[in-house]
Amino acid sequence: MVRVLWMAAGGVALLLGVVGIVLPLLPTTPFLLLAAFCFARSSPRLEIWLLEHPRLGPPIRDWRAEGAISPRAKALAMIAIAATFGLSLALQLPARVLWIQAATLGAVTLFILSRPNPGRDSGP
């Protein structure tokens, strides 16, 4: 039963990750990482399929190997973050909400930009 729950969670995460490819405000890579995590606990075959997928696999492999995020993914994330905050400003959300959102998005931005690029030499 636990294996079925892990597989279902992996399927939902994969679906959300794929939807995130076309919806810019839905993050793709975190859902793909979650799907790989869930599939590793439920179906090694699905985990391998996901890791070897030509479009979905590279960000997962980069993260697992180096904790890396590609420059393209960083740029897209920054665009989504700016669009989210810009929309909040345009909708004239309350100042309290804007401050909370600014702090959260700022922390996310720092985290994303602090990650290395894939293939970067991390040695001395």
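In this text, all values refer to a predicted model and were calculated from it rather than measured experimentally. Sequence positions, counted from 1, serve as the residue numbers for this chain.
Looking at residues two or more places apart in sequence or on another chain, you find a side chain to side chain contact (heavy atoms under 4.5 Å, CB included) between Leu98 and Phe85, Ser88, Leu89, Leu93, Gln101. For Pro94, the side chain to side chain contact (heavy atoms under 4.5 Å, CB included) test picks out Val97, with sequence neighbours left out. For Leu51, the side chain to side chain contact (heavy atoms under 4.5 Å, CB included) criterion is met by Glu47, Ile60, Arg61, Arg64, not counting sequence neighbours. Shown here are the side chain to side chain contact (heavy atoms under 4.5 Å, CB included) partners of Ile112, two or more places apart in sequence or in another chain: Ile69, Lys74, Ala77, Met78, Ile81, Val108.
Figure legend: Arg115 and Phe111 shown as a cation-pi pair, the cationic atom lying under 6.0 angstrom from the six-membered ring centre and within 45 degrees of its axis.
Interatomic distance, OG of Ser43 versus CE of Met7, reported as 4.5 Å (0.5 Å rounding). Distance CD1/Ile21 to CG/Leu16: 11.5 Å, rounded to 0.5 Å.
Criterion: ILVMFWY side-chain heavy atoms under 4.5 Å apart, direct or through other members. Under it, Leu23 and Leu15 are part of a common hydrophobic cluster. Under a hydrophobic clustering in which Ile, Leu, Val, Met, Phe, Trp and Tyr are joined whenever their side-chain heavy atoms come within less than 4.5 Å, directly or via other members, Leu34 and Phe39 fall into different clusters. Follow the hydrophobic side-chain contacts under 4.5 Å out from Leu91 and you reach Leu105 in the same cluster.
Pairs engaging residues 45-73 under the ring-ring contact (aromatic ring centres under 6.0 Å, His included) rule: Trp49-His53 [sequence neighbours left out]. Screening residues 26-39 for side-chain hydrogen bond (donor to acceptor under 3.5 Å, both in side chains) gives no qualifying pairs among residues at least two apart or on separate chains.
When all heavy atoms of Ala35 and Gly10 are compared, the closest pair comes out as CB-O, 3.6 Å. Counting all heavy atoms, side chain and backbone alike, Asn117 lies closest to Ser70 at OD1-C, 4.5 Å.
Aromatic ring centroids of Phe37 and Trp6 lie under 6.0 Å apart.
In this structure, Pro71 and Pro118 have side chains that are in contact, with non-hydrogen atoms separated by less than 4.5 Å. Contact of the Phe31 side chain with the Leu14 side chain is not registered, since no non-hydrogen atoms from C-beta on lie closer than 4.5 Å.
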